[in-house]
Amino acid sequence: MDLTCCTFCLQYAPKLIPATLRRQTPPKPNLRTVSNNHATTSTTRMVVKARGGGGGGARRGAAEADTAVVEKPKIKRFQLSEGHPGPFGATLLDGGVNFAIYSANAVSATLCLITFSDLQQNRVTEQISLDPLTNKTGDVWHVFLRGDFKDMLYGYIFDGKFSPEKGHYYDSSKILLDPYAKAVISRGEFGALGPEDNCWPQMACMVPTSEDEFDWEGDLPLRYSQRDLIIYEMHVRGFTRHESSRTEFPGTYRGVVEKLDHLKVAYKFLYKGVKKGYRQGQDKLYWSNDWYGQKVGPSWVKVLWPFKLAWCPCHTGLQITACGPFRGITKLLFYRYTSAHIELILSKAVVTASAFSLCMRVCLLQSCCNQPIELGVNCIELMPCHEFNELEYYSYNSILGDYKLNFWGYSTVNFFSPMIRYSSSGMHNCGRDAVNEFKYLVKEAHKRGIEVFMDVVFNHTAEGNENGPILSFRGVDNSVYYMLAPKGEYYNYSGCGNTFNCNHPVVRQFILDCLRYWVTEMHVDGFRFDLASIMTRSSSLWDLVNVFGNPLKGDLITTGTPLSSPPLIDMMSNDPVLRGVKLIAEAWDTGGLYQVGSFPHWGIWSEWNGKYRDIVRQFIKGTDGFSGAFAECLCGSPNLYQEGGRKPWNSINFVCAHDGFTLADLVTYNNKHNLANGEDNNDGESHNNSWNCGQEGEFASISVKKLRKRQMRNFFLCLMVSQGIPMICMGDEYGHTKGGNNNTYCHDNYINYFQWDKKEECSSDFFRFCCLMTKFRRECESLGLNDFPTAERLQWHGHTPGMPDWSDRSRFVAFTLIDSVKGEIYVAFNTSYLPVTITLPEHPGYRWEPLVDTSKPAPFDFLSEELKERDIAIKQYVQFLDANLYPMLSYSSIILLLSPDGNA
């Protein structure tokens with residue numbers, strides 16, 4: 001048979017393939033297969049036709065029958081070897097990449113390699129079948145590849161039983177995400193549909209390369225004491241997406257960086273004297289200094305001798321010039337500060353440090369009022385930033401004329417990958433730029449003295465119930481990753497269709513690995529665990545052998561039973577890495593388990609104190625019977641935490657959070673107004689403990705609006721003077737409203753966006769009050785105690801000193817607090833509808849001076865030192881204060897400071 005002459009034929013001997021075989025097509029997964037390559041072979045097919053003379057249909061048919069296919073061996077793109085069963089995921093190792101993934105019940109596994117361009121065309125670039133004899137150790141499939149991974153992504157195909165009643169959902173038509181993938185690629189723009197308007201386009205995982213580097217500039221954890229924290233719960237996209245943010249990268253990690261200065265503490269120069277001391281490390285010279293009881297910051301640090309050091313917020317780092325014998329020190333590697341410590345780490349000097357005594361005069365910074373005032377928080381808690389699909393709920397919303405999205409993000413697709421579409425770079429560089437952009441946010445936050453917490457959702461995933469998509473965990477090993485009933489049904493303690501099988505040995509190790517990654521690689525400072533009580537429930541097929549390795553006769557623990565010592569919580573609490581970060585539990589779930597005050601804690605877990613929220617709301621709005629419970633809240637809830645050996649800082653105090661009313665709506669609406677969600681107002685919590693101050697909605701009389709502002713100030717003052725850790729919800733500092741909607745999970749619009757123009761409008765009103773209250777809390781040593789206050793420091797009062805009223809009808813609570821910085825502080829709350837004149841505690845030679853009165857209009861609600869009319873305002877109280885009295889209006893609160901009486 002004559003073959004057409006071509007360059008391929010000259011190089012390779014032809015191999016004839018029968019026409020019948022030639023016409024067969026292999027089964028297709030989600031993506032089209034470009035080359036069906038196995039672990040050892042790779043070919044390219046070409047069609048070659050035989051020559052022949054004559055014409056006619058018969059002849060044409062004969063010529064067609066003579067058509068052959070020449071298979072050209074293709075130069076192998078990757079070199080394969082068995083690989084290693086650990087670590088899980090795709091890992092750079094020995095000049096290549098090791099792929100390892102757990103699946104106990106799959107009968108076959110295929111590694112799919114997909115170039116970025118092929119992903120856009122919905123096709124697979126390479127398929128590598130894993131040999132269960134050589135590429136499997138125990139229940140771990142693995143392979144090692146060397147080759148060119150530029151712009152390469154990957155996924156897996158697992159085959160096995162598709163038997164939902166037995167808990168198995170294996171489907172060889174699905175390409176699955178690796179649970180350990182460090183970045184997930186699908187769509188690059190938030191809210192944009194995929195090809196052919198697909199809400200769930202094929203996703204793939206980033207393959208690591210040697211170019212995956214990030215310059216941390218010596219960043220290290222800030223390690224604040226928990227009692228010093230002021231937390232700010234925020235949404236990455238919502239923080240800067242509104243047009244009034246005027247950021248270059250709205251709605252992204254970089255956009256948050258552009259606005260971080262809104263949150264940080266402002267400082268001024270304050271000379272602190274001369275300190276001496278040094279210690280020498282192996283390759284670095286360290287100099288550290290301590291000012292106990294002082295709060296310092298990094299915004300301006302100046303070393304007069306022997307180094308000249310300066311930094312300002314508009315620069316990306318510090319600048320240093322060495323003087324005298326220390327000219328060899330040319331680079332500042334890192335600086336950090338805590339509430340009472342500053343440390344400079346410099347490159348090693350040419351001259352040994354032992355030859356000199358490092359003597360530095362350092363100008364540090366204290367809180368400053370003549371600089372632009374900002375909120376002054378030192379911790380941001382990011383709502384979910386793990387990869388999720390915002391199109392999960394995509395549907396037309398006829399109420400607003402837009403489309404519903406999963407805006408909040410509590411529906412995780414992958415726990416290792418940051419949300420790619422929160423990045424200004426999107427899918428660029430296969431997600432590596434997005435990973436680095438998240439790191440950039442953390443680094444810049446640390447530079448401003450702000451820790452970064454993540455809100456994590458290990459209670460369920462985006463795969464939902466049996467009708468949900470097969471994306472990752474379900475297709476890899478459904479019966480392991482999810483809590484299942486005996487016939488394969490999904491337990492639904494999350495309210496979202498499935499429940500993560502947290503206390504299964506494989507799953508709890510997965511969670512631990514994930515948290516460690518975010519701490520060590522992404523420099524995250526802490527975690528808030530959504531519906532954390534699920535992590536205390538027993539796993540599917542629970543038994544003591546499964547967990548502890550030893551059997552026990554008569555073990556009757558069933559799936560989902562709350563455990564007093566959950567293995568996962570035990571592992572996290574005693575992990576050497578995670579013990580160094582903050583762990584916060586939302587101590588309840590939708591299955592009825594409520595553990596506020598009783599969450600297994602090992603002495604380190606804090607809790608969202610939902611009881612604080614409910615009690616404070618009730619008391620501030622004037623409900624009878626809550627004065628005693630309110631006093632407990634002011635003390636850090638010792639009724640919940642003291643008996644278990646915990647501290648006030650184990651209580652995360654909040655009045656509002658992302659779910660529920662905003663602070664402004666809390667005083668504007670009695671009822672939820674959720675029609676915009678398209679669910680006929682049936683969604684969201686109906687019991688909000690709110691009060692509209694007399695009229696429902698924003699359109700109200702002037703007197704009602706004044707009362708609402710007063711109530712907002714009351715709530716914020718209460719939050720700042722309570723023992724424990726205060727948490728502020730994004731937007732509450734300027735009075736953001738959602739129109740009475742208390743469940744805005746589906747709105748990517750103005751409802752959830754921080755409105756910077758509104759913040760500017762109230763910069764001299766409520767926002768000013770909030771900033772000054774956070775500053776006051778930071779300055780007071782007594783408002784962040786490490787233990788619950790005792791009678792030696794705190795005394796309770798009623799309308800007269802030392803006579804508190806704890807009766808059911810009492811709506812007045814007052815106390816004095818001894819403070820080593822401020823002296824003595826008097827705080828009082830009058831939540832009655834009647835005004836009252838109170839008698840103040842007497843201190844011969846001293847007099848009380850007003851600082852805060854929430855019944856006064858701004859700026860007289862807070863008489864700060866820079867207020868020009870401060871002295872005039874204080875004189876208005878003289879006749880009362882001379883008589884040791886103070887008049888309080890209804891629904892108001894005050895703070896007074898004890899100062900020497902110059903007339904005594």
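In this text, all values refer to a predicted model and were calculated from it rather than measured experimentally.
Each of Thr854, Thr831, Asp861 was evaluated against Ser892; a single residue qualifies, Thr854, per the side-chain contact (heavy atoms from CB on, under 4.5 Å) test. When each of Phe388, Tyr393, Phe407 is checked for a ring pair (Phe, Tyr, Trp, His ring centres under 6.0 Å) with Tyr745, only Tyr393 meets the rule. Evaluated for a side-chain contact (heavy atoms from CB on, under 4.5 Å) with Val655, the options Asn714, Val616, Ile620 yield exactly one hit, Val616. Tested against His235, the residues Tyr422, Trp408, Tyr410 include a single ring pair (Phe, Tyr, Trp, His ring centres under 6.0 Å) partner, Tyr422. Here the rule is ring pair (Phe, Tyr, Trp, His ring centres under 6.0 Å) with Tyr891, and of Trp691, Phe812, Phe619 only Trp691 fits it.
A centroid separation of less than 6.0 Å is found between the aromatic rings of Phe630 and Phe829. Taking the six-membered ring for Trp, Phe529 and Trp608 have ring centres at least 6.0 Å apart.
Looking at heavy atoms from C-beta onward, Leu382 lies out of side-chain contact with Phe453 at the 4.5 angstrom threshold. Proximity of Phe862 to Leu717: side-chain heavy atoms (C-beta onward) are nowhere separated by under 4.5 Å. Met203 has its side chain within reach of Val413: a pair of non-hydrogen atoms, C-beta onward, lies under 4.5 Å apart. In this structure the side chain of Val457 never reaches within 4.5 angstrom of the side chain of Ser411, judged on heavy atoms.
Checking Ser864 against Arg768 by side-chain atom types alone, a donor-acceptor pair falls below 3.5 Å. Thr662 and Asp732 share no donor-acceptor pair across their side chains, judged by distance under 3.5 Å alone. Between the side chains of Asn378 and Arg448, not a single donor N or O lies within less than 3.5 Å of an accepting N or O. In summary, the side chains of Asp589 and Asn459 do not present any donor paired with an acceptor at a separation below 3.5 Å, with no hydrogens or angles considered. Ser606 and Gln226 share a donor-acceptor pair across their side chains, judged by distance under 3.5 Å alone. Of the N and O atoms on the side chains of Asn741 and Asn677, at least one donor lies less than 3.5 Å from an acceptor on the other residue. For Ser424 and Glu437, the side-chain atoms include at least one donor-acceptor pair closer than 3.5 Å. Between the side chains of Asn688 and Asn742, at least one donor N or O lies within less than 3.5 Å of an accepting N or O.
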Can Arg528 and Asp530 be said to form a salt bridge (charged side-chain N to carboxylate O under 4.0 Å, His left out), step by step? CA-CA 6 Å; Arg528 178 263 187 188; Asp530 183 64; 3.1 Å; yes
List the steps, then state whether side chain to side chain contact (heavy atoms under 4.5 Å, CB included) holds for Cys199 with Glu392. CA-CA 7 Å; Cys199 291; Glu392 182 178 1; over 6 Å; no
Could you go through Arg421 and Glu390, starting from their C-alpha distance and side-chain angles, then the distance that decides it, and tell me whether this counts as salt bridge (charged side-chain N to carboxylate O under 4.0 Å, His left out)? CA-CA 9 Å; Arg421 290 171 299 286; Glu390 72 279 10; 3.0 Å; yes
Please walk me through it: do Arg713 and Ser893 pass side chain to side chain contact (heavy atoms under 4.5 Å, CB included)? CA-CA 8 Å; Arg713 289 191 286 263; Ser893 50; over 6 Å; no
Step-by-step side chain to side chain contact (heavy atoms under 4.5 Å, CB included) determination, His747 to Tyr403: CA-CA 8 Å; His747 297 291; Tyr403 289 86; over 6 Å; no
Apply the test salt bridge (charged side-chain N to carboxylate O under 4.0 Å, His left out) to residues Lys582 and Asp525: give CA-CA distance (whole Å), side-chain angles for both, the deciding distance (0.1 Å), then the verdict. CA-CA 7 Å; Lys582 284 81 172 179; Asp525 302 286; over 6 Å; no
Side chain to side chain contact (heavy atoms under 4.5 Å, CB included) between Ser890 and Arg710, worked out: CA-CA 10 Å; Ser890 60; Arg710 192 186 311 172; 3.8 Å; yes
Go through the steps for Trp588 and Phe599 under the test ring pair (Phe, Tyr, Trp, His ring centres under 6.0 Å), then give the verdict. CA-CA 9 Å; Trp588 56 82; Phe599 188 86; over 10 Å; no
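Applying the side-chain hydrogen bond (donor to acceptor under 3.5 Å, both in side chains) test to every pair with at least one member in residues 609-628, sequence neighbours left out, gives these pairs: Asn609-Ser637, Asn609-Ser651, Tyr612-Ser722, Gln618-Thr623, Gln618-Asn689, Asp624-Arg811. For the ring pair (Phe, Tyr, Trp, His ring centres under 6.0 Å) condition, the pairs that include at least one residue of residues 707-744, sequence neighbours left out, are Tyr734-His736, Tyr734-Phe754.
The two residues Met234 and Leu263 have their closest heavy-atom pair at SD-CD1, 4.5 Å. Considering every non-hydrogen atom in both Cys656 and Cys729, the closest pair reads O-CB, 3.6 Å.
One N or O on the side chain of Ser423 and one on the backbone of Ser425 form a donor-acceptor pair closer than 3.5 Å. Formation of a donor-acceptor pair under 3.5 Å by the His386 side chain with backbone atoms of Phe415 is found in this model.
Trp756 does not carry Arg246 over the face of its six-membered ring by the limits of under 6.0 Å from the centre and within 45° of the normal. Geometrically, Lys404 does not engage Tyr394 in a cation-pi contact defined by less than 6.0 Å to the ring centre and at most 45° from the axis. Annotation: cation-pi pair Arg254/Phe249 present, NZ/CZ under 6.0 Å from the ring centroid and within 45° of its normal.
Atom NZ of Lys758 sits in a sparse spot, with 12 or fewer heavy atoms from other residues, nucleotides or ligands closer than 6.0 Å. Within 6.0 Å of atom CD in Glu243, 12 or fewer heavy atoms from other residues, nucleotides or ligands are found, so the atom counts as exposed in its surroundings. Heavy-atom contacts from other residues, nucleotides or ligands closer than 6.0 Å to CD1 of Ile702 number 12 or fewer. More than 12 heavy atoms of other residues, nucleotides or ligands sit less than 6.0 Å from atom NZ of Lys856.
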